[in-house]
Amino acid sequence: SYPINDTSSFQIHNVADLGFVYSHTVVLEGNYFVNSDSLTDYGTIEFSPDNGITWVDLINDPTYYAYLMWYYPKPVLTGNSNGWKHFYVNLSYLGPLFNIQFGDTVAYRFTFISDSVQTNKDGLMFDSFHFEDYVEGIDEIQNSNLISLYPNPTSEQLLIKQKSNSTSQAI
């Protein structure tokens, strides 16, 4: 059971990759279980774009809600979840808003705050976190000196000639 009049939290820090820079995919995902006595015991999930200086409440902050994409029902971190629930939110649109650059440190904070009533309940638990921060695609390398493809157009056989060692292979 959780203690009364208590605040428990933990943080996870992550170095931002290109998902924040190019607004493609930045995902925070996991499972939660809540079993508390009242709506005055509650949890939060927060995001910091600047390594813990500024915090945004991902569940309740109306200022940034339009920049978040919740793919499951938004977590309810109070009362009783009646078992494990899944959450998934895309945070990519916060990158340009907070000018998060490649290599910046972002943080996630998970908190549970209890009231003064002792009921011997389980409180709030998290499990199976998943973080993504990426951009799809591969840089295109254009160098006509690497290979040649022929004949063009082709119907049955395409030849690839690697110019560096002058070998040909039929594909």
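Just the heavy atoms: all of them, side chains too, but no hydrogens, waters or symmetry mates, feed the values below.
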**Q** Rounded to the nearest 0.5 Å, how far apart are CD1 of Ile4 and OG1 of Thr119?
**A** 10.0 Å
**Q** Go through the steps to decide whether Gln11 and Tyr108 satisfy the test side chain to side chain contact (heavy atoms under 4.5 Å, CB included), and finish with yes or no.
**A** CA-CA 5 Å; Gln11 295 180 23; Tyr108 302 91; over 6 Å; no
**Q** Under the side-chain contact (heavy atoms from CB on, under 4.5 Å) rule, collect the residues that match up with Ser8, sequence neighbours excluded.
**A** Asp6
**Q** Under the side chain to side chain donor-acceptor pair (under 3.5 Å) rule, collect the residues that match up with Asn35, sequence neighbours excluded.
**A** Asp122
**Q** Using the ring-ring contact (aromatic ring centres under 6.0 Å, His included) criterion, which residues pair with Tyr32? Sequence neighbours excluded.
**A** none
**Q** At what distance, to the nearest 0.5 angstrom, does CG of Leu124 lie from OG of Ser36?
**A** 8.5 Å
**Q** Let me know which of Phe131, Phe20, Phe47 forms a side-chain contact (heavy atoms from CB on, under 4.5 Å) with Val26.
**A** Phe20
**Q** For residues 76-83, which side-chain N or O atoms pair as donor and acceptor with protein atoms under 3.5 Å away, sequence neighbours left out?
**A**
unit_1, atom_1, unit_2, atom_2, d
Thr78, OG1, Ser38, O, 3.2
Thr78, OG1, Asp41, O, 2.5
Asn80, OD1, Asn82, N, 2.7
Ser81, OG, Val34, N, 3.0
Ser81, OG, Val34, O, 3.3
Ser81, OG, Gly83, O, 2.7

**Q** Cluster partners of Phe33, using ILVMFWY side-chain heavy atoms under 4.5 angstrom, listed by chain and number?
**A** Trp84, Met125
**Q** Kindly indicate, with the supporting measurements, whether the criterion side chain to side chain contact (heavy atoms under 4.5 Å, CB included) is fulfilled by Phe112 and Thr7.
**A** CA-CA 6 Å; Phe112 182 68; Thr7 299; over 6 Å; no
**Q** Which residue pairs satisfy the salt bridge (Lys or Arg N to Asp or Glu O under 4.0 Å) criterion with at least one member in residues 90-115, sequence neighbours excluded?
**A** Glu46-Arg109
**Q** Minimum heavy-atom separation for Asn120 and Gln118, please, with both atom names.
**A** N-OE1, 2.9 Å
**Q** Using the rule that Ile, Leu, Val, Met, Phe, Trp and Tyr join whenever any side-chain heavy atoms are under 4.5 Å apart, tell me whether Ile45 and Phe129 fall into a single cluster.
**A** yes
**Q** Using 0.5 Å steps for rounding, measure from the CG atom of Asn14 to the CG atom of Asp133.
**A** 6.0 Å
**Q** Could you pull out all donor-acceptor pairs under 3.5 Å where a side-chain atom in residues 65-72 meets a protein atom, sequence neighbours excluded?
**A**
none

**Q** Should Val106 and His13 count as side-chain neighbours, where that means a heavy-atom distance under 4.5 Å?
**A** no
**Q** Using the test ring-ring contact (aromatic ring centres under 6.0 Å, His included), find all partners of Tyr42 that sit at least two apart in sequence or belong to another chain.
**A** none
**Q** Donor-acceptor pairs are to be reported for all side-chain atoms of residues 54-62 against protein atoms at under 3.5 Å, with residues two or more places apart or in another chain.
**A**
unit_1, atom_1, unit_2, atom_2, d
Thr54, OG1, Asp50, OD2, 2.7
Trp55, NE1, Gly52, O, 3.1
Asp57, OD1, Ile59, N, 3.0
Asp57, OD1, Asn60, N, 3.1
Asp57, OD2, Asn60, ND2, 3.4
Asp61, OD1, Thr63, N, 2.8
Asp61, OD1, Thr63, OG1, 3.3

**Q** Please tabulate, for the side chains in residues 86-98, all donor-acceptor contacts under 3.5 angstrom to protein atoms that are two or more places apart in sequence or on a different chain.
**A**
unit_1, atom_1, unit_2, atom_2, d
His86, ND1, Gly30, O, 3.2
His86, ND1, Asn31, OD1, 3.0
His86, NE2, Glu29, OE2, 2.8
Asn90, OD1, Ser92, N, 2.8
Asn90, OD1, Ser92, OG, 2.9

**Q** A side-chain contact here means heavy atoms from C-beta on lying under 4.5 Å apart; do Ser48 and Ile53 qualify?
**A** no
